[in-house]
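This report concerns only the one structure given below.
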Amino acid sequence: MRYFMRLSYRGEPFHGWQSQPGAVTVQEVTEDALSKVLRRPVKIVGAGRTDAGVNARMMVAHFDIDDPVDDLKRLAASVDAIVGKDIAIQDIYPVPSDLHARFDAVSRTYHYYAVTEKSPFFYPLSWKAPASLDFEAMNRAASLLLETSDFTSFAKLHSDAKTNICRVTHAGWHRVGGADSSCWVFVITADRFLRNMVRAVVGTLVEVGRGKISVEEFGRIIERKDRCAAGTSMPPQALYLWEVTYPEAESANNVEQ
């Protein structure tokens, strides 16, 4: 039987989502906890691969076991109790055996948080931005992403991606908490993301906001299909995998907003 697991995590203690030799990852810690509770080796497949230090408000993963689980709430609570304080297991529920956490996801949304005033509360999980950033210009540049299909300029060099084609359906900066708030969030939704893509996009938009490049130059950077032409990759602690959606009614896209 196949089950979906919905979880969240703080990225700072981990070397990303995906298991790898000699590094502590979210996948490894979660698999170990699940295997201990079920008393058998269990492998999980995530909806994506967040980089080291990147957070997830909502990650979805699937796993297969031969025997049905009678009490899924108890299973989720038991796994949650041993994964540690930086991971939270929200839910485990059955899905059709052919529903794949990664390949059947229809969209993913990321948030990148920036604050323009120093804060002792937000700094561990946001980026301290210059107060002079031109968010209006950044949004004009971000709108070009909706007209883009090839994101090679924002793709990590020498990755194992077979294609750099993505379909972005939303991209923009929004002020959080009212007109006087110093907190901004960049929201981007696409059918898929390349490794390091969001942080590279944000880094290049920040160059627009600082007046170092124009909106038109941002468009030309996209057209060049050259990672070296784009801006620097932004710090990971401010980035969150925010939501993953699926076509099935029983999927994991109905979390509280």
Side-chain angles (χ1 to χ4, degrees), residues 9 11-12 14-18 20 25-27 46-60 101-114 125-127 129 138-174 184-209 212-213 215 217-245:
Y9 51 86
E12 190 274 334
F14 304 104
H15 200 77
W17 162 265
Q18 188 173 15
Q20 49 194 295
T25 68
V26 180
Q27 182 181 20
R49 297 182 292 181
T50 53
D51 292 335
V54 174
N55 312 291
R57 168 187 177 264
M58 177 186 177
M59 170 63 85
V60 178
R102 179 182 177 189
F103 298 133
D104 288 325
V106 296
S107 75
R108 298 160 176 85
T109 297
Y110 279 88
H111 285 193
Y112 195 92
Y113 283 88
L125 294 170
S126 64
W127 173 65
M138 291 160 69
N139 271 338
R140 292 199 304 273
S143 69
L144 300 178
L145 299 171
L146 278 66
E147 306 168 8
T148 302
S149 59
D150 191 323
F151 284 83
T152 300
S153 289
F154 306 111
K156 186 177 179 66
L157 296 174
H158 312 301
S159 75
D160 58 358
K162 295 181 179 179
T163 175
N164 291 334
I165 302 300
C166 307
R167 184 174 62 89
V168 174
T169 55
H170 177 86
W173 289 91
H174 309 272
W184 290 80
V185 59
F186 178 66
V187 180
I188 183 167
T189 300
D191 59 342
R192 64 189 292 265
F193 286 92
L194 306 171
R195 188 175 179 186
N196 206 47
M197 172 178 158
V198 179
R199 289 193 286 150
V201 166
V202 174
T204 313
L205 289 174
V206 167
E207 296 292 283
V208 175
K212 293 186 175 181
I213 63 173
V215 173
E217 287 171 320
F218 182 85
R220 289 194 286 272
I221 287 172
I222 294 173
E223 293 172 355
R224 286 180 63 178
K225 300 177 185 178
D226 179 3
R227 178 64 185 93
C228 296
T232 186
S233 180
M234 296 295 286
Q237 79 277 1
L239 181 60
Y240 300 73
L241 174 58
W242 198 256
E243 185 177 21
V244 185
T245 64

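The figures here come from the full heavy-atom set of this structure, side chains too, leaving out hydrogens, waters and symmetry mates. Numbers here simply count residues along the sequence, with the first being 1.
- Residues passing the salt bridge (charged side-chain N to carboxylate O under 4.0 Å, His left out) test with R49 are D160, sequence neighbours excluded.
- In terms of modelled atom types and a separation under 3.5 Å, the side chain of Q237 and the main chain of V54 share no donor-acceptor contact.
- The two atoms that bring M59 and T50 nearest to each other are CE-CG2, 4.4 Å, heavy atoms only.
- For the residue pair V244 and A47, the shortest heavy atom distance occurs at CG1-CB, 4.0 Å.
- Side-chain contact check for V215 versus L144: some heavy-atom pair is nearer than 4.5 Å.
- Closest non-hydrogen pair, W17 versus G46, comes out as CZ2-CA, 3.7 Å.
- Here the shortest heavy-atom pairing between N55 and E12 reads OD1-N, 4.5 Å.
- The stretch residues 139-152 participates, sequence neighbours left out, in these side chain to side chain donor-acceptor pair (under 3.5 Å) pairs: D150-T152, T152-N164.
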Report all side-chain donor-acceptor pairs from residues 191-203 shorter than 3.5 Å, counting only partners two or more places apart or in another chain.
residue : atom : partner : partner atom : Å
D191    : OD1  : R167    : N            : 2.8
R192    : NH1  : T163    : O            : 3.1
R192    : NH1  : I165    : O            : 2.8
R192    : NH2  : T163    : O            : 3.4
N196    : OD1  : R199    : NH2          : 3.1
N196    : OD1  : S233    : OG           : 3.1
N196    : ND2  : S233    : OG           : 3.3
R199    : NH1  : M234    : O            : 3.0
R199    : NH2  : D51     : OD2          : 3.4

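- The CZ atom of F186 sits 5.0 Å away from atom CG of L205, with the distance rounded to the nearest 0.5 Å.
- Expressed to the nearest 0.5 Å, how far OH of Y9 lies from CG of L241 amounts to 6.0 Å.
- A distance of 8.5 Å separates CD1 in I188 from OG1 in T169, rounded to the nearest 0.5 Å.
- Here Y240 pairs with Y113 under the ring-ring contact (aromatic ring centres under 6.0 Å, His included) rule; sequence neighbours left out.
- Shown here are the ring-ring contact (aromatic ring centres under 6.0 Å, His included) partners of F151, two or more places apart in sequence or in another chain: there are none.
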Between side-chain atoms of residues 218-230 and protein atoms elsewhere (two or more places apart, or another chain), which donor-acceptor pairs fall under 3.5 Å?
residue : atom : partner : partner atom : Å
D226    : OD1  : C228    : N            : 3.0
R227    : NH1  : G231    : O            : 2.9
R227    : NH2  : G231    : O            : 3.1

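- The nearest pair of heavy atoms linking E217 to K212 is OE1-O, 4.3 Å.
- Taking the six-membered ring for Trp and the full ring otherwise, the centers of Y110 and W242 sit at least 6.0 Å from each other.
- Contact check for V187 versus T109: side-chain heavy atoms found under the 4.5 Å cut-off.
- With rounding to the nearest 0.5 angstrom, the OH atom of Y112 is 7.0 Å from the CG atom of L239.
- A side-chain donor from one of S107 and T245 sits under 3.5 Å from a side-chain acceptor of the other.
- In this structure, M58 and E243 approach most closely via the heavy-atom pair SD-CA, 3.8 Å.
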